[in-house]
Amino acid sequence: MVSKRRQSRSEDKESLTEDASETRKQPLSKKTKKFHVHNEVEENDSVFVKLLKTAGLILKTGESQNQLAVDQIVFQKKLFQTLRKHPSYPKIIEEFVSGLESYIEDQGSFRNCLLSCERLQDEEASMGSSYCKSLIKLLLGVDILQPSIIKILFEKLPEFLFENVNSDGINMPRLIINQLKWLDRVVDSKDLTTKIMQLISIAPVYLQHDFIISLPEILGDSQHADVGKELSDLLTENTLLTVPILDVLSSLQLDPKLLTKVRQLVMGKLSSVMLDDLPVIIKFILHSITATDALEVVSELRERLDLEHCILPSRLQASQSKLKNKGWTSSSGNQEDSKDCVVLFFDVIKSAVRYEKIISEAWIKAIENTTSVSEHKIFDLAMLLIIYSTNIQTKKYIERVLRNKIRSGCFEEELLQSTFYIHYLVLKDICPSILSLAQSLLHSLDQSIIFFGSLLYKYAFKFFDTYCQQEVVGALVTHICSGNEAEVDTALDVLLELVVINPSAMRPNAVFIKGILDYLNNMSPQQIRKLFRILSTLAYGKQHEASNHIQDDLHLVIRKQLSSTIFKYKLIGIIGAVTMAGIMAADRSRSFSLTPRRGDLSNEQCTQVTSLLQLVHSCSEQSPQASALYYDEFANLIQGRKLAPKALEWVGQTIFNDFQDAFVVDICVVPEGDYPFPVKALYGLEDYSSHDGIAINLLPLLFSQDFAKDGDRRTSQESHQKSVSPLCLAPYFRLLRLCVERQHNGNLEEIDGLLDCPLFLTDLEPGERLESMSIKERSFICSLIFLTLNWFREVVNAFCGQTLPEMKGKVLTRLKHIVELQRVLEKHLAVTPDYVPPLANFDLETLEVTPHMSAVSAKTRVQGKMGGRKRKADGSKTSSPDRLSKEDNSECDPTPSGRSPLEKELKGKEEKVSVSLQNYHAFFRELDIEVFSILRCGLVAKFILDSEMHTEATEVVQLQPPELLFLLEDLSQKLEHMLTPSVARRIPFLKSKGNRNIGFSHLHQRSASEIAHSVFRLLTPLCNHLENIHNYFQCLSAENHGVVDGPGMKVQEYHIMSSCYQRLLQIFHAFFAWSGFVQPENHNLLYLALDILTKRLKQGEPDQPLEELLRHTFVIFFRVMMAELEKTVKGLQVATAADSQQIHEEKLLYWNMAVRDFSILINLIKVFDSRPVLHICLKYGRLFVEAFLKQCMPLLDFSFRKHREDVLSLLETFQLNTRLLHHLCGHSKIHQDTKLTKHVPLLKKTLELLVCRVKAMLTLNSCREAFWLGNLKNRDLQGEEIISQNSQESTAEESEEDTASQVSKSKAAEDGEVEASDGEQEQESEESDNDSD
């Protein structure tokens, strides 16, 4: 009968298996489930099956789920009561467990017991939960069964450890362990802990990972300490389990000492972990930090964590190429995983610094405490940006740290660029905070900080997405509209650079930039040029056909401004139009530069450019100031090589003829007219006896403008006279000579007649007639002198670069004329109060400028200033100089009307009139930086030719002291303006901020770096002049027997030479104090400049200063030498086994020399044992040993066998140095010097690491027996033993390695010789053994 029942069960099993498979494919109705119940029930007479059925659980066969007819808690309670009240209790428990063991011998049955049960859908169960636990989980909830069930599971589990995953995807070991999770009560938690730890020790690695991760869900709180200890031991044995172990330890309640121990262990392995494991490790380290050790842990963490080296170069290149080419999609899964790991890593840190104030503050402090520039990492900058975005309370603190680091040169452009380059995915999420920081930095007064803030904007735009780019542009536009000069300049520079680098990304943001056009009133000419250059580049750059709307808007704005009746707007239109014309031409000329002339403009493009320029000319010809500005702007455009050849040819043909017609006349035709002064041809450099000479028609032009009646002037607006105002002479000539210079590659032969031609003037020397002149006549003479000076200045600008001696001599003569005329001008200005000169610089900043009236007494000077304010209010800025001075006199002179001008003049003379042309700086044409090449001139032979072009005489011309002073004063002003930080330049009270830029328009076309390079090229002639002046004073002192103001001294010459001396020193100071030398790209320039100075020292001079250096400033010498040595070795690349033998030998030789140098320096403390020297030795000694560990020890690992003698020699030398460092530690403790002792722990720790590392090297090369470790006695700096020792414990801590000596001993023993180490050899203590292990 039994056999029949079993047969029926086996027959049913096959059919039910098919039914079960169908059941998994589609859900069954309640009726279907009830139909199968009768066919799948486990029919068994065992106690196990009966008791389960009695309690309410029905076992099913095959793949069907066991069915639970009652609630889970009811089932557990019924089963417990049934067992407890059974007559054969407690034997019934054994029978029940035995039945379970028999039942789960079948793998399918065991699997069903581990899977969740099925709850029968009846009315009672409808209100309960649909999820049911597995049978094993339910049985584990019965206390009297739990120990036996756990025993069965752990006996059963090894059967599945090394089996593959089932076809249904179920992993049996994981399924078994899951039964032990979240038990309501563990009867014997200690036994369970022991079993699971034993299981972990024998399981495969992938299961070990899962079992360890499950521990917090299995164990009770009482077992956390024991498990923590066992896991920490397992961590040292198996590094593959680092991640799960640390993840679990972070979830357990452990003793802080244990966490500290594990953290130290993990910290030592940090440099070798994989990037995937880094987030979990960092999370554990940060989780274990306390307030007392936060700074120490974070400092060590930032030193050991070098994230940019964790990311493989191939991954970096892939991510970078993907960034540059958004369409590139061939990145592998590993690269994406790498990015995900980096993001996850920073997410861990973000979470820690956001919720743990001690961590964020400690991290900032650790970065702040780092002083060496080379020690700062990309990770440091990224961390500051992240903390800035997460903690509002620390923003001010971070800003202060950043400013200090920027000023000290620790955070430079290269570091910032690398930070964005590597961590752009992380920084992209904190873009708003980065822009907020950049905005704060741009409010600074320090130029280096402003520059760093601009870089934040630049790289945020370059590396972030479109949304962030739009935010960057919006922030920059806000800065431009703020009105702050420094912010506006910086923001415009950034926008201009972004437009040039990435115009396609900037073009969608053009609508924001166009809005700046509403704020032109508050912008300087240079800023207006930058803005129009930005918009013009967007409109006419590559692929400009997509920017037609920008072109239309620009044309509308420019036409509107050019046609404006407000003069200021007309000037803005001129600047914008000329700038746009330059971009329109430049883009075509630079797009195709493969073959000559191919980059020229097409006819249509050339027509567009010329039409725009003709429009500007027609709109400005009615105003001399507007015309002059147009010529100057056009000249700057040509000087910058921004015009295509075809356009340049059109300009040359146009202006050459116009200039001749307007300003040049034949010398034989003397102007005739009712002039107040006799007209003469003056300042000619050639003998114009023939009738083919030319002259500049200056006086007649000025007279026709200033002495014409007002009515005549109004009725002659259509006449040609308007376009030939003498104001335009210098600007027009500048345009002409630059055009000729560009067309003929610097050859000015076509216009060299203008260098030596005379000018139609009158006698300018003030004589007796000066007193009889009217104020209008005096003003006329002053204007004539100003215009003549400005003509000569432009002539010098034009021909200063000519190489022919004849031309050089004429340029020097013109320079002499300038100096002479300036002295004449001072005399005229002294008797011409309230005179306003004709404009020489025509940009917006000079429109309302009046000179400081220092020409008369203090009383009159105040009156002049008041008059200046009235002139501005009356709007008479564009009037002629004579009208201005005349109106000022009538309005501002408080003297009675009966007093004659001569009486006022005599009164002024009595009050000691003085004039300074520095106050008239804005009314002189600017000298180009190329003019100072004249400083190189020595003696120049000038040949005077007769009528038949034969040499009639030879005249020697040279740079005289007055001309030298003139050049030096101008150069000094330029350097002060460009190289001196704006913070250092004091602006007078109530002086306009724009006034300091007047007269430097051409200078602003160049960068500070270009100016510095120009001065560098002048260093040799400047040194020559300095030496000559020095020799002059030496000879003067010798002639007068040491008396400076002797009877034979020429006072005027003495004062000129003194002023030259002062200006030279100011020039040298301004150049070498330039803040730009801090930037790495300018270091070479500084070295070359200093080299020029050192080469000029006499041969006998260096000896004495060197002795003084070693005797009195040894600390500085020692610090620099130690720092440079450490920096040099730290920069060496780590050798690898793949390197060639030659590279190994070279690196070994290099390290031998480095250790030798270190030995020389370190032994100097025996003689120079001052406190600062010892402090330097402790600090940089530790850093050198650390570099030796990281850079040199890997080289010794694979060089020991082939270069044994060299390695031994290196270690022997280095051992002596480390021994001296050990003695220095003892010296510091004995003297109880806190400044020194704070370095001792880190140094000793480094020395102990060296011991372990050398031991590992010897073990690697099968020389473990050569390693010997002993206690090193405490000695002072002189090597004497320190007798009194406070504790024996310190002796063990101060153990030092005698490796090299012992390796030598081992080698000597092989030869039959045994030598004793110079260290006192003692028995190896147990503590020393622990240290070495």
Side-chain angles (χ1 to χ4, degrees), residues 479-493 495-496 513 516-537 554 557-558 560-562 564 566-583 613 616 619-620 623-640 642 727-728 730-731 734-735 738 839-850 877-878 921-929 974 977-978 982 991-1008:
H479 283 296
I480 294 171
C481 300
S482 67
N484 183 287
E485 185 181 11
E487 290 186 38
V488 175
D489 287 333
T490 304
L492 284 172
D493 289 337
L495 279 180
L496 183 57
I513 304 175
I516 308 174
L517 293 172
D518 298 332
Y519 295 85
L520 290 176
N521 283 341
N522 301 323
M523 300 176 70
S524 68
Q526 185 66 10
Q527 293 167 352
I528 294 173
R529 291 185 192 101
K530 291 178 183 177
L531 176 59
F532 276 100
R533 185 180 175 190
I534 292 168
L535 291 171
S536 301
T537 305
L554 275 179
V557 170
I558 289 175
K560 179 181 178 181
Q561 290 169 334
L562 287 174
S564 174
I566 301 176
F567 188 71
K568 183 176 182 179
Y569 295 148
K570 186 182 291 289
L571 297 189
I572 292 176
I574 293 172
I575 295 175
V578 175
T579 303
M580 188 169 73
I583 297 297
L613 294 177
V616 179
C619 292
S620 61
S623 168
Q625 288 90 345
S627 296
L629 176 65
Y630 167 60
Y631 299 144
D632 271 342
E633 288 295 312
F634 209 165
N636 291 336
L637 183 65
I638 296 175
Q639 188 179 31
K642 297 178 181 178
L727 284 179
C728 301
R734 178 179 177 82
L735 175 60
L738 285 172
L839 291 176
N841 302 282
F842 301 93
D843 46 21
L844 305 181
E845 294 175 337
T846 59
L847 292 180
E848 301 180 0
V849 172
T850 55
K877 297 184 287 290
T878 59
H921 172 72
F923 298 94
F924 291 114
R925 293 290 291 179
E926 182 181 355
L927 291 180
D928 292 341
I929 198 70
K974 284 180 166 57
H977 187 79
M978 289 296 292
S982 57
K991 185 175 181 181
S992 171
K993 66 180 181 181
N995 287 352
R996 67 173 181 268
N997 296 325
I998 297 173
F1000 298 106
S1001 298
H1002 301 158
L1003 193 67
H1004 286 163
Q1005 306 295 325
R1006 304 169 185 263
S1007 65

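Keep in mind that this is a model prediction, so the values were computed, not measured.
Between L738 and N636, every side-chain heavy-atom pair lies at or beyond the 4.5 Å cut-off. No side-chain heavy atom of M580 sits less than 4.5 Å from a side-chain heavy atom of F532. You'll find the side chain of R734 stays beyond 4.5 Å of the side chain of E926, heavy atoms only. Inter-residue side-chain proximity for I534 and I516 is flagged as unmet; no heavy-atom pair is nearer than 4.5 Å. By the 4.5 Å heavy-atom criterion applied to side chains, L531 and L517 are counted as neighbours.
Under the salt bridge (Lys or Arg N to Asp or Glu O under 4.0 Å) criterion, K974 pairs with D970, sequence neighbours left out. Listed by chain and number, the residues in a side-chain hydrogen bond (donor to acceptor under 3.5 Å, both in side chains) with D489 are Q527 (sequence neighbours excluded). Applying the ring-ring contact (aromatic ring centres under 6.0 Å, His included) rule to H921 yields the partners F1000; only residues at least two apart in sequence or on another chain are considered. Every residue was checked against the side-chain hydrogen bond (donor to acceptor under 3.5 Å, both in side chains) condition with D518, not counting sequence neighbours, and none meets it. F634 pairs by the ring-ring contact (aromatic ring centres under 6.0 Å, His included) definition with Y630, not counting sequence neighbours. When the side-chain contact (heavy atoms from CB on, under 4.5 Å) test is applied to A491, the partners found at least two apart in sequence or on another chain are L476, H479, I480. Applying the side-chain hydrogen bond (donor to acceptor under 3.5 Å, both in side chains) rule to K530 yields the partners D493; only residues at least two apart in sequence or on another chain are considered. Judged as a side-chain hydrogen bond (donor to acceptor under 3.5 Å, both in side chains), and not counting sequence neighbours, the contacts of E633 are R529. Y519 meets the side-chain contact (heavy atoms from CB on, under 4.5 Å) test with C481; sequence neighbours excluded.
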* To do: Test V488 against L492 for side chain to side chain contact (heavy atoms under 4.5 Å, CB included), laying out the working first.
  => CA-CA 6 Å; V488 175; L492 284 172; 3.8 Å; yes
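By the 4.0 Å N-to-carboxylate-O rule, R1006 lies too far from D928 to be salt-bridged with it.
The closest donor-acceptor contact from the side chain of S627 to the backbone of S620 lies under 3.5 Å.
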